[in-house]
Enquirer: 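Would you mind keeping the following structure in view while I ask a few things?
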Protein chains: 2
Amino acid sequence: MKSQKVTGASIPSSRRRYEDACGAAHALDLVGERWALLVIRELLLGPKRFGDLKRDLAGISANVLTQRLEGLEAAGVLIRRRLPPPVPAQVYELTPWGYEAEPIFQTLGRWAARSPSHDPSLPLSAVSLLLSFRTMIDPVRAERLEMRVGLRVGNESYVVRLAGGAVEAERGEAAGADVIFTGPAPAIAAAVYGGVPLDALVAQGALKIEGDRFLAERFVTLFPLPPKVGAEG
Amino acid sequence: MKSQKVTGASIPSSRRRYEDACGAAHALDLVGERWALLVIRELLLGPKRFGDLKRDLAGISANVLTQRLEGLEAAGVLIRRRLPPPVPAQVYELTPWGYEAEPIFQTLGRWAARSPSHDPSLPLSAVSLLLSFRTMIDPVRAERLEMRVGLRVGNESYVVRLAGGAVEAERGEAAGADVIFTGPAPAIAAAVYGGVPLDALVAQGALKIEGDRFLAERFVTLFPLPPKVGAEG
DNA sequence: CGGCATCCGGGAAGATACTG
DNA sequence: CAGTATCTTCCCGGATGCCG
């Protein structure tokens, strides 16, 4: 029978769509299903394989991930690409338009960071952390500050460059940076957003810091969280 | 039995939450359920009653609307307020923080407007139309253009003010504006976003135009849709 | 192991009818 | 008008198993 494959590309069935010309409503038709936006988030720093996505999206199940990847591919948000041999792995990569979704995460994140119920001490993926640097950088505190910060999280390596009040945060080789943090993303987040002293994190073995320790101390002060609601004004 | 009422404030059960410190993930915990963002959208121009929300959110059912309103109230996004007599009606109104969600709609809308599957000819609420003016205004085409445009949609009246390339769009009295459109929101959208000539809409009775007809023709050219993907730059 | 299908249980969404 | 009660349908999440 060879199983005929009639799954239908998992575009939301027409009954399940908002029949609404509003752009935001159509965005929700495309990426409003559970996990869809977080799948995009995990790809914003570059292509990933199925297993990496499953690992970094703690709690997603394989079948849902498959459905979301199908739906997002059908919507034109990402493409499935087969890497050439040496390692003929399959990866999922955002289309140029898919990459343009990043401002959605910035406005969502900035807004929700003010929620009384937001808990920055929850687990966090490396991509989320790097994207949060792009969103939360304080240009005033960062102006006339130049540094390259390397991050080693799991098997991946990332670089944050500060220059002229602007920030770049992307995948890249950490070696040669002014300071290098090695450890899980939540430990780095604890220093940057939780106010946990670097000494403490190093002492308990959660974090390793190489290079300019003074720059490291500066770095973790550059990303202030907005005031929670209720503390207006 | 009097039915015991244990509805529970409808904050997503913990199994259903992303346990993720990422701000965007938390935003989805708060407003990621179906219809939640559209409920917020309908309140961005001011308070509404239950029935108005149900009418303007075509397709929502009463029980889902009730659940969303409960959840959004529990999240601190909106409050339920009882108007004082003459008409002691109940209305739902965004909190100050709820109003701060508007940029979410702008980034979502701008992004999705480029989707190949976006269809601007679908039905549209009056609020969506007004918000789209804030999002889609072309400051270049609007610069050195000053006008007040009144919109009468259903029983509500709205005003769009253009000055110095900036736009204001809000509830307000249409009388006295330079030009006044009267008709359903989709008809106005057809002129602005669908390129349908005003003559045609007036001729078929979909739209009434009072005041400066020349300004009306200018107005409908001020909100260009971004290029669809595939027609890249 | 990566990718995908299948079956199942629970729960959220949708439709309809009903109540104060 | 502003919701509630109830029933059905569908989606989500987990487990398992197949195939390369």
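Hydrogens, waters and symmetry mates play no part in the numbers below; they use all other heavy atoms, side chains included. Here is the naming used below: chain letters follow the sequence lines, and residue numbers restart at 1 for every chain.
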Enquirer: Between B:Thr135 and B:Ser132, do the side chains contain an N or O donor and an N or O acceptor separated by less than 3.5 Å?
Expert: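 B:Thr135 vs B:Ser132: no donor-acceptor pair found between side chains.
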Enquirer: Would you mind telling me which residue lines up with the more 5' stretch of DNA chain D, B:Arg80 or A:Ala62, judged by nearest nucleotide?
Expert: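 Looking at the nearest nucleotide for each, B:Arg80 comes out on the 5' side.
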Enquirer: Rounded off to whole Å, could you give me the CG-to-P distance for the A:Leu57 and D:dG13 pair?
Expert: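 So the two atoms are 11 Å apart, to the nearest Å.
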Enquirer: For the residue pair A:Gln106 / B:Thr107, report whether a side-chain donor-acceptor contact shorter than 3.5 Å exists.
Expert: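 There is no such pair (donor and acceptor under 3.5 Å, judged by atom type) between the side chains of B:Thr107 and A:Gln106.
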Enquirer: To the nearest angstrom, how far is B:Leu65 atom CG from C:dA15 atom P?
Expert: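 Roughly 14 Å, once rounded to whole Å.
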Enquirer: Would you please confirm or rule out a distance under 4.0 Å between OP1 or OP2 of D:dG3 and any side-chain N or O of B:Tyr92?
Expert: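 Yes, because at least one side-chain N or O of B:Tyr92 sits under 4.0 Å from OP1 or OP2 of D:dG3.
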Enquirer: Please determine, for the side chain of B:Phe50, which listed nucleotide (D:dG14, C:dA15, D:dA2) has the closest atom?
Expert: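 Selected nucleotide: D:dA2.
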Enquirer: Picking from D:dG3, D:dC12, C:dA13, which would you name as closest to the side chain of B:Glu33?
Expert: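 Taking heavy atoms from C-beta onward, the closest nucleotide is C:dA13.
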Enquirer: Rounded to whole Å, please give me the gap between CD1 in A:Ile60 and P in D:dG14.
Expert: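 Interatomic distance, CD1 of A:Ile60 to P of D:dG14: 10 Å.
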Enquirer: Let's see if you can work this out: which of C:dA5, D:dA2, C:dA15 has an atom nearest to the side-chain heavy atoms of B:Gln90?
Expert: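 Nearest to the side-chain atoms of B:Gln90, counting from C-beta on, is D:dA2.
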Enquirer: Could you state the NZ-C1' distance from B:Lys54 to D:dC1, rounded to the nearest angstrom?
Expert: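 Taking NZ of B:Lys54 and C1' of D:dC1, I get 12 Å after rounding.
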Enquirer: Could you state the atom-to-atom distance from CH2 of B:Trp35 to P of D:dC10 in whole Å?
Expert: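 To the nearest whole Å, that distance equals 17 Å.
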Enquirer: Closest to the B:Glu70 side chain: C:dG14, D:dT4, D:dG3?
Expert: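 Of the candidates, D:dT4 comes closest.
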Enquirer: Sequence neighbours excluded, which residues qualify as side-chain contact (heavy atoms from CB on, under 4.5 Å) partners of B:Pro47?
Expert: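 By the side-chain contact (heavy atoms from CB on, under 4.5 Å) rule, B:Pro47 matches B:Arg81, B:Val91, B:Glu93, B:Tyr99, B:Arg171.
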Enquirer: With A:Arg148, which residues qualify under salt bridge (Lys or Arg N to Asp or Glu O under 4.0 Å), at least two apart?
Expert: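 Result, salt bridge (Lys or Arg N to Asp or Glu O under 4.0 Å) vs A:Arg148: none returned.
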Enquirer: Is any side-chain nitrogen or oxygen of B:Arg49 closer than 4.0 Å to OP1 or OP2 of D:dA2?
Expert: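 For D:dA2, OP1/OP2 do have a side-chain N/O of B:Arg49 under 4.0 Å.
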Enquirer: Consider the side chain of A:Arg16, meaning its heavy atoms from C-beta on, and name the nucleotide among C:dA15, D:dC10, D:dC12 that approaches it most closely.
Expert: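 Among C:dA15, D:dC10, D:dC12, the one nearest the side chain of A:Arg16 is D:dC10.
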Enquirer: Once hydrogens and angles are ignored, does a donor-acceptor distance under 3.5 Å link the base of D:dG14 to the side chain of A:Asn63?
Expert: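 Between D:dG14 and A:Asn63, which were checked side chain against base, a qualifying N/O pair under 3.5 Å is present.
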Enquirer: How many Å lie between CG on B:Leu53 and P on D:dA2, as a whole number?
Expert: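 Rounding to the nearest Å, CG of B:Leu53 and P of D:dA2 are 9 Å apart.
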Enquirer: Looking at B:Tyr18, is A:Arg34 sitting on its ring face, NZ or CZ under 6.0 Å from the six-membered ring centre and within 45 degrees of the normal?
Expert: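 Flagged: A:Arg34 positioned over aromatic ring of B:Tyr18.
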Enquirer: Answer with base, sugar-phosphate or nothing: what part of the nucleic acid does A:Arg55 contact at a heavy-atom distance below 4.0 Å?
Expert: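 No contact.
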Enquirer: Distance check needed: C:dA12 P versus B:Asp29 CG, whole Å only.
Expert: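 In whole Å, C:dA12 P and B:Asp29 CG are 14 Å from each other.
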Enquirer: Could you tell me how far apart A:Gln67 (CD) and C:dC7 (C1') are, to the nearest whole angstrom?
Expert: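 Going from CD in A:Gln67 over to C1' in C:dC7 covers 14 Å.
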